[in-house]
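Structure record follows, encoded as structure tokens.
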Amino acid sequence: MARYQRWLQAGVFYLLVALSGSLLPGTYYVTLLNLIGLHIIIVLGLNLLMGYAGQISLGHAAFFGLGAYTSGILTATYKVDPLLALLAGLLLSTLVAVIVGIPALKLKGYYLAMATLGFGIIVAIAFQQMDWLTGGPSGFMGIPPFRFLGWRFQTPAAKFFLVWALVGLILFLSLNIVDSRIGRALRAIHDSETAALAMGVDAQRLKLLIFVVSALYASLAGSLLAHTVNFIAPSSFGFMFSIKLVTMVVVGGMASIWGSLLGAAVLTVLPELLAVFHDLEVVIFGLILMVVMIFLPRGLVRGLLDLWELRRRKKQGR
Amino acid sequence: MEKLAELLQYIFSGLTNGAIYALIGLGFSIIFNATAIINFAQGEFVMLGALVVIAFSALGLSLPLALVLAVAAVTVMGLAFERLAIRPARDATAISLIIITVGGGVLIKGLAMLLWGKDAYTLPPFSGQEPLTLAGATILPQSLWIMALTLLLVVGLEAFLHFTILGKAMRAASYNPVAARLVGIRVSQMVQFSFGLSAALGAAAGVLIAPITMGVYDMGTMLGLKGFCAAVIGGLGSIFGVVLGGLLLGVAEALASGLVSSGYRDAVAFLILLLVLFFRPQGLIGRRPLRSS
Amino acid sequence: MTSSTLLALEAVGISFGGLQAVKKVSFQVQEGQIKALIGPNGAGKTTLFNLITGMLRPDHGEIRFQEQAIQGLPPFRIADRGISRTFQIVQLFGHMTVVENVMVGRHLRTRAGLLAAALRLPWSRREEAAIRSQSLAWLDFVGLQDRADDYAANLPLGHQRLLEIARALATEPKLLLLDEPAAGLDMTETERLKELIFAIRARGISVLLVEHDMSLTMEVADEIVVLDHGELLAEGPPRDIQRHPAVIAAYLGRDWEKE
Ligand SMILES: Nc1ncnc2c1ncn2[C@@H]1O[C@H](COP(=O)(O)OP(=O)(O)OP(=O)(O)O)[C@@H](O)[C@H]1O
Ligand SMILES: [Mg+2]
């Protein structure tokens, strides 16, 4: 029963995306939708890590960047096949995630936050400083479109198709992971690591596993970014972007897969909407972050439902 | 001989920056001990200190007066920040609080950009531009001011926390909030006070460094993160640890950028941060907690 | 009746800072036995549980389970060998439903990994269905089948303790450690708990029980170990322990006579 409902939800969601992709005029909206899709992929992984396993990361922009730069550099500079480059990015991200994750995931709470933050900033600095490889602060240009089995994803419509097909795949995988033996063990670690250990859950290994999964998602999104916008710059992969990703998870709602879609969409569109305010943009963005977190700490969806519930009860009380 | 002078030069500039990091780090540590919050807006108070003192001195106030007024003004902003952003979110999780303080930092930085624009402003040094020469290395008078005033502030802070009623109450509230409440200490007031105090320390760092780096709306973020590294490296629980962490960080940065490559200067701080977290998470000075759970 | 040794502690000790919480404690649990561990507050009973389950590593001594040394192994490995436990301060997965809590207990004995789960392979779906039905059976065993879909955090304490037992049993232990399972239960609940402990033993699972409720302890235990200030004070069948002068002096005292 619940399963059919879920597939129905997914179907409706996809119909909406496809409709808006084909009906909205001009390339601007398609590009924006693609960006939303990429952010969704990262946020789904980060939510597995934060919402389910209960481990924070303030450095996930780094994996996004590792994927983007690996794909960009290998395909543009070394003419490697885009699919191979993407796989190389995934491999590199796995390696880095394991090296950083093993010591970092022994830390808890704020200390884990600090370690991942430090890691993220170091990687961002490396992108800037290795200019012989990455083009430095001014960015890296001339990345070819993605190719796969003779298809070239060059037009906005083709890119849209590529991105959202992968969003669908990742969504499918994530929904499955969440209600599986592994997903259950992750939630158990979140609620009581002691009890999970006593029940035979190898918490350290599972945390690392899901850290790697979330890094893979981010890396995949990065590779796609490189092939959809064809230009990448280190400023997209810094500390602020890591924070933005965490915010997307929290605004959507921790441990809520569908909430992640909303969180990613809202926080991607918001700066675009705010752009009309020019210099006021950042001010309003900061304000919204604070207000949402202060008044709806459980995220938009659940927060609004809670408020609605509260009002209904009050009315009934009278 | 020349090598030695060069080394000394790096150490001087490292100690200058290190003192600034220490002040900022102390701000982190005071709030963390009072509330277990990491205040990611801390760096913005440094920026405010620098820009406000520049504004006051541009109004024609004498430098000492401008300094004092700037620190006072930023302290008030710190108190207001706690009242408006932290207190309403009392039951928030650590992750929410991180986002709230980051959001607050973005907001403050944005407002500063609206007010001051994107230009950098200068402040004359406290006394003289003429560098002093010491064993072949030169040092700016402003650096001496920074080190001396930082020392004074740290000693003052120690004295305040140990010898005044308010300071003792703050420490009590952070060791054991429940017991503190029982003996009549208003813990929420102590929390607010910790935000005021750490804004003041941040502002002090800002006014001290303004003559060297100039004041820009976006100067705070990196300084804040460095101060945070200093606090973690030294150990968030100990004043001496934070100061040591700051100075170590400053010198390590100066040596790395002088001897290796200046491009990776900023990475040094975070590299040390990671090493400390992985191998000695309680910081260089901090004690390991007895109970692991 | 010949019985073989399941768990053996030999001169096990640990200290926290200056405090010697457990001092050179040695005793054994036989297969099929219900053994009780009693002692005043702070005697080191929970600490001993933490040592046996790998939450703590002993400073010295040896802990053998089925003839193999297990001290220093991580908790999940010890759980895999066949030791499970409940907690004095209930440690449920509060944001998960009752049946999901038990399903975590099946983690050890099932194997769908990340890939199988993510791709929803047919065999992993079958395994998942089996996990659910086995877990429901364990809920049935402890009498919680009606609450399967409630959130664990919303159960009353008595039910939470039962749920912890069901979750522990789901790991298919050979030895079950119960840390004050009767604390906070009323009389009828305690009576049911007694039946449950016998039913667990009837399934061939040995039990090591920490309990302050003396009448329950005396009724269910085959043998009792008395701990005081981290030291083993006495060991023997319940009727001997009740008469043991040192035990009466140190622990049971007048309160016990009254009960
Ligand atoms: N992790 C720890 N760190 C420091 N001291 C500890 C730790 N765990 C237990 N202790 C101390 O060890 C002693 C034994 O504690 P333990 O919890 O084992 O007692 P207990 O017999 O279970 O008591 P109770 O009947 O109250 O549950 C106590 O003095 C306790 O304070
Ligand atoms: Mg106990």
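Letters A, B, ... mirror the listed sequences (proteins, then strands); counts begin at 1.
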To the nearest 0.5 angstrom, please state how far the CZ atom of A:F119 sits from the CZ atom of B:F270.
13.5 Å
Closest non-hydrogen atoms of A:I294 and B:P88, given as atom of the first, atom of the second and distance, are CG2-CB, 3.6 Å
Is there a side-chain contact between B:V102 and A:M293 in this structure, where contact means two heavy atoms from C-beta onward sitting under 4.5 Å apart?
no
Which answer fits B:L274, side chain, backbone, both or neither, if we ask what part of it has an atom under 4.5 Å from a heavy atom of chain A?
side chain
If you count heavy-atom pairs within less than 4.5 Å of chain A, which of B:A36, B:A85, B:G103 leads?
B:G103
Considering only heavy atoms, which portion of A:I288 lies under 4.5 Å from any heavy atom of chain B: side chain, backbone, both, or neither?
neither
Which pair of heavy atoms, one from A:F239 and one from B:L225, lies closest together, and at what distance?
CD2-CD1, 4.2 Å
At what distance, to the nearest 0.5 angstrom, does CD1 of A:I243 lie from OG1 of B:T101?
8.0 Å
Do the non-hydrogen side-chain atoms of B:F278 and A:K106 ever get within less than 4.5 Å of each other?
no
Between B:T93, B:I98, B:V232, which has the largest tally of heavy atom pairs under 4.5 Å with chain A?
B:I98
Could you state the interatomic distance from OH (A:Y110) to CG (B:L277), rounded to the nearest 0.5 Å?
14.5 Å
Of the backbone (N, CA, C, O) and the side chain (C-beta and beyond), which part of B:L114 lies under 4.5 Å from a heavy atom of chain A, both, or neither?
side chain
Among the options B:I100, B:I108, B:V106, B:I86, pick out the one with the most heavy-atom pairs lying under 4.5 Å from chain A.
B:I100
Check this for me: B:R87, atom CZ, are more than 12 non-hydrogen atoms of other residues, nucleotides or ligands nearer than 6.0 Å?
yes
Contact part of A:V250 toward chain B, heavy-atom cut-off under 4.5 Å: side chain, backbone, both or neither?
side chain
Keeping A:Q129 on the side-chain end and B:Y264 on the backbone end, is there a donor-acceptor pair under 3.5 Å?
no
Please classify the contact between A:L287 and chain B as side chain, backbone, both or neither, with a heavy-atom cut-off of under 4.5 Å.
both
Using heavy-atom distances under 4.5 Å, tell me whether B:A94 contacts chain A through its side chain, its backbone, both, or neither.
both
Heavy-atom closest pair, residues B:P281 and A:Y111:
O-CE2, 3.4 Å
4.5 Å side-chain heavy-atom contact, A:V283 and B:M113:
no
Return the CE to CD1 distance between A:M248 and B:I99, rounded to the nearest 0.5 Å.
11.0 Å
Examine whether an atom of A:A104 lies under 4.5 Å from a heavy atom of chain B, and if so say whether it belongs to the side chain, the backbone or both; otherwise answer neither.
both
So how far is it from B:I95 CD1 to A:L58 CG, rounded to the nearest 0.5 Å?
8.5 Å
Among the options B:A89, B:G263, B:G110, B:G105, pick out the one with the most heavy-atom pairs lying under 4.5 Å from chain A.
B:G263
Apply the test side-chain contact (heavy atoms from CB on, under 4.5 Å) to residues B:L107 and A:F285: give CA-CA distance (whole Å), side-chain angles for both, the deciding distance (0.1 Å), then the verdict.
CA-CA 7 Å; B:L107 176 70; A:F285 183 71; over 6 Å; no
Please rank A:M50, A:M114, A:Q128 by heavy-atom pairs under 4.5 Å with chain B and give me the top one.
A:M114
Interatomic distance, B:S96 atom OG to A:M254 atom CE [nearest 0.5 angstrom]
7.5 Å
